[in-house]
Amino acid sequence: MSGEFWLISAPGEKTCQQTWERLNGATVRFDLSMNFKFPIPDLKVGTLDTLVGLSDELGKLDSYVENITHKLAHYLGEVLEDQRDRLAENLMANRMDLTTYITRFQWDVAKYPIKQPLKSISEIISKQVTQMDGDLKAKSLAYNSIKGNLQSLERKATGSLLSRNLGDIVKKEDFVSESEYLTTLLVVVQKNAYIDWQTKYEKLSDMVVPRSSRMIYEDSDHGLYSVTLFKKVVDEYKLHARENKFIVREFTYNEEELNAGKNELNKLAADKKRQYGPLVRWLKINFSEAFQAWVHVKALRVFVESVLRYGLPVNFQPMILQPYKKTQRKLREVLTTLYGHLDGSNLTGKDPKMAVDVPGLMFANQEYYPYVFYPIHINFCD
């Protein structure tokens, strides 16, 4: 099965159960989809003008809540890092996997009271998700700051000799210390230039201590050499070293500073570890809340659109279809056969106020079908 669902509604025939059985029979016969009823409670209809305006607002809210839901899932994947392959199992809705939540949908009366006007329910959802978005920005900014600083220090501790922190490599005995005249430089030399270095290092300037160079460390591309010379020729030595493609690293051995750097790395690692668990829990909880809110927005859209299309009194059957792979085209043809007659006649309801050409039913960027249709895609791990 794919992560694609079709949320549709069709007007009740003699009963809504007959509508359901007709749809189910037609799709099962051709083995096109798994079908489920999508129960929507008796919501307050309001006026036609309110429904028309709300139809457009719910379209925008649908996109907004879907976007926040994707942001939460995406950031959870980022935070999980090397456990990202476990993202799907962490994306739950009300302690259910997403497919189960959709196919067994039940309206949450506690969060979204059905006695409230439809607009009020949509505003509750909008406020809830906007708060999540703001909290996500704040939490991700704080965590990313720690993560970025830690990665920067880790790169310096493990990268190329041209850029990495040398404090973890060198030792106190590698340097001439407490000398008024002498100093030790650290020089990075390409592997293929080792002989060149040994031949030239004593001659790059005057006042270089003979046979003072030795290799301290080697990585896959370079070697780190020390050389001792008089302080007064340091600038000249650096210049001539650079001309010969030997890179002098700016480094002063200071034990207190080196320990402070190690402590900073350890502190950042501890801060990241301490924030990781609570952040993952927050993301899982808020993804669940956002996903549930999103499906409730879909339910509101189906209700509003069905009333606008099929008229009053409210009499329609909402259904979830989960197409089998490569059956979408055939499934669409079967639905057109079942409901094609609704086109052009679907606004002739019992309420004469509904028998009008209602603006707002057709959205510029949305395909139109003779039945109410909204897709739901739950591929949050892509």
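Residues in residues 126-165 take part in no ring pair (Phe, Tyr, Trp, His ring centres under 6.0 Å) pair, two or more places apart or across chains. Every pair passing salt bridge (charged side-chain N to carboxylate O under 4.0 Å, His left out) that includes a residue from residues 286-295 is listed here, sequence neighbours excluded: Lys111-Glu289.
In this structure, His296 has its ring center closer than 6.0 angstrom to the ring center of Phe105. Close placement of the Phe287 and Phe380 rings is indicated, their centers lying within 6.0 Å of each other. Residues Tyr225 and Tyr194 bring their aromatic ring centres within 6.0 Å.
Interatomic distance, CD of Glu66 versus CZ of Phe291, reported as 10.0 Å (0.5 Å rounding).
Judged by a 6.0 Å distance limit and a 45° cone about the ring axis, Arg332 is positioned over the six-membered ring of Tyr369.
Classification of Glu264 and Lys267 as a salt-bridged pair fails, no side-chain N sitting under 4.0 Å from a carboxylate O. The residues Lys171 and Asp174 are annotated as not salt-bridged, no charged nitrogen and carboxylate oxygen being separated by less than 4.0 angstrom. The pair Lys238-Glu250 counts as a salt bridge, with a side-chain nitrogen and a carboxylate oxygen less than 4.0 angstrom apart. Under 4.0 Å is where a charged nitrogen must lie from a carboxylate oxygen, and between Glu81 and Lys272 at least one such pair does. A salt bridge is absent between Lys191 and Asp221: the closest approach of a Lys/Arg side-chain nitrogen to an acidic carboxylate oxygen does not fall below 4.0 angstrom. Ion pairing between a basic and an acidic side chain is recognised when a charged N comes within 4.0 Å of a carboxylate O; Lys119 and Glu57 show such pairing.
With hydrogens and angles disregarded, a donor-acceptor distance shorter than 3.5 Å links the side chain of Ser212 to the backbone of Thr228. The main-chain N or O of Arg104 is never found under 3.5 Å from a side-chain atom of Lys37 such that the two would form a donor-acceptor pair. Side chain of Asp56 to main chain of Val52: no donor-acceptor pair is present (N/O by atom type, distance under 3.5 Å, no hydrogens or angles).
Note on ring orientation: taking the six-membered ring where Trp is involved, the planes of Trp197 and Tyr201 are parallel (angle under 30°, cut-offs 30° and 60°).
The minimum heavy-atom distance between Phe38 and Ala299, with the atom names listed, is CE2-CB, 3.7 Å.
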